[in-house]
Amino acid sequence: MSDVLAVVEHRRGSLRDVSFELVTAGADLVGDTGGDLHLAVIGGDVDAFAEELSLAGVDAIHTVAEGDEFNHDVSVQAVEALTEELDPTYVLMGNTVNGLDYAPAVAERLDLPLVTDAIGLQNDGGLVVTREMYASKVESTVTVDAERAAVTVRPGEWEAAEEPGEPAVEPFAFDLDESLVRSRVTGFEEVGSGDVDIADADVLVSVGRGIEEEENIELVEELADALGATLSSSRPIVDNGWLPKDRQVGQSGKVVTPKVYLAIGISGAVQHVAGMKGAETIIAVNTDPDAPIFDIADYGIVGDLFDVVPELIDQFQ
Ligand code: FAD
């Protein structure tokens, strides 16, 4: 029997999607061995959140009425106190900006090993975690050599739980040490996401270093217009300041999953591929027949983009 404590997340009055995915991940894990799934809701409108989280597979929801928004120091103390009270075998958190902010501190305070960015979890007489390495090129299986562990789970890897249930909702009070609360959220400032979100586009025309000069980007823009597509790019284009950062596809840019991804003058480096390998159809234009982009392309044109792109524009206009 292994009990699981999953710590949900909310922001500006709404539960984040990862909260419902944590429920599925936690329920699967207790399903392997038996045990109870506990949720912790820290801060915000905890009663409303508990109602939304009353889902099948959840045994108990522990509400901690402390503050409105995520707070590192409050979260660390609350999870530590809850873990001492409930004694779960596994503590699950989101592999998110918030989760990665406080999970290491929780693990350190509770003297637990921490496995980050899990994409699969199994309890097979011990915790077995699937993770990705080398910009998603390799999947690794980590066997945790400890009886208890803390894990952060990658958003989007588990289905969001939806089926209603009837868990017990229990307010949890603990002695918050205010002297250890060294930060507070005092307000929010939205970062402008530019005029388009490439992650929403059905068709992306993506330009790489093969374009040579900033003024040549216009040519690829013309192709994007002809196709009714959105323009994106590899990192060097953004590093050169030729397109804004929100157009960058890849490991340090955005992950995109369009129906069609047209890679123009892009070599297909692993860091780029990590952001676009989920596209339904990949078409590549490159002068180099050995460019790695052709390894993942569904259709490839070996040719000079300065010949091929005008031809494509003519065809689609
Ligand atoms: P290149 O690799 O220089 O490729 C240009 C391609 O254009 C070549 O294949 C060439 O054959 C072809 N070409 C040249 N002339 C023509 C022509 N006339 N017609 C047709 N084809 C032509 N990169 C990203 O893209 N996104 C990321 O998020 C990202 N994150 C990174 C994070 C880290 C930590 C690191 C270390 C690197 C990251 N990179 C990222 C950089 C990545 O390693 C590559 O350097 C980058 O993707 C290369 O971009 P590119 O394909 O446009 O350029």
Side-chain angles (χ1 to χ4, degrees), residues 95-97 100 116-117 119 131-140 154-156 191 193-194 196-201 203-224 226-227 229-258 260-316:
N95 197 75
T96 57
V97 172
L100 291 172
T116 57
D117 205 16
I119 59 165
R131 304 180 77 241
E132 283 183 336
M133 295 167 67
Y134 303 118
S136 308
K137 274 211 133 181
V138 175
E139 241 178 45
S140 65
R154 184 186 291 185
V191 177
S193 62
V196 286
D197 187 351
I198 58 170
D200 289 340
V203 183
L204 281 174
V205 172
S206 213
V207 58
R209 191 146 45 191
I211 199 70
E212 293 173 8
E213 307 270 349
E214 182 173 12
E215 48 269 32
N216 296 337
I217 289 190
E218 221 172 274
L219 179 67
V220 183
E221 234 165 1
E222 222 179 298
L223 175 60
L227 291 169
T230 301
L231 187 67
S232 57
S233 78
S234 65
R235 178 164 155 175
I237 303 300
V238 171
D239 286 349
N240 286 344
W242 298 349
L243 285 176
K245 174 77 182 165
D246 55 28
R247 301 286 179 138
Q248 182 186 321
V249 173
Q251 184 188 327
S252 52
K254 286 197 174 173
V255 174
V256 296
T257 51
V260 179
Y261 188 86
L262 190 45
I264 312 270
I266 292 178
S267 60
V270 284
Q271 296 89 350
H272 185 79
V273 169
M276 46 66 79
K277 65 179 183 199
E280 260 174 53
T281 302
I282 297 169
I283 304 165
V285 180
N286 200 303
T287 42
D288 176 4
D290 296 323
I293 193 75
F294 288 129
D295 295 343
I296 58 157
D298 299 285
Y299 301 97
I301 303 171
V302 178
D304 189 324
L305 73 88
F306 296 103
D307 298 328
V308 176
V309 172
E311 188 65 38
L312 289 174
I313 294 168
D314 275 355
Q315 295 284 330
F316 286 101

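Order of appearance sets the numbers: ligands from 1, and atoms from 1 within every ligand.
Considering only residues two or more places apart in sequence or on other chains, Arg235 meets the salt bridge (Lys or Arg N to Asp or Glu O under 4.0 Å) condition with Asp239.
Checking side-chain atoms of Asn286 against main-chain N and O of Ile266 turns up a donor-acceptor pair under 3.5 Å. The closest donor-acceptor contact from the side chain of Asn95 to the backbone of Asp117 lies under 3.5 Å.
Residues lining ligand 1 at a heavy-atom distance below 4.0 Å are given as Gly208, Arg209, Gly210, Ser234, Arg235, Pro236, Gln248, Val249, Gly250, Gln251, Ser252, Gly253, Gly265, Ile266, Ser267, Ala269, Gln271, His272, Asn286, Thr287, Asp288, Gly303, Asp304, Leu305, Phe306, ordered by chain and residue number.
Considering all non-hydrogen atoms of both residues, Ser232 and Tyr261 come closest at OG-CE1, 4.1 Å. Glu139 and Ile119 make their closest contact through OE2-CD1, 3.8 Å (heavy atoms, listed as atom of the first residue, atom of the second, distance).
For the atom pair CD1 (Ile296) and CE (Met276), the distance works out to 4.0 Å, reported to the nearest 0.5 Å.
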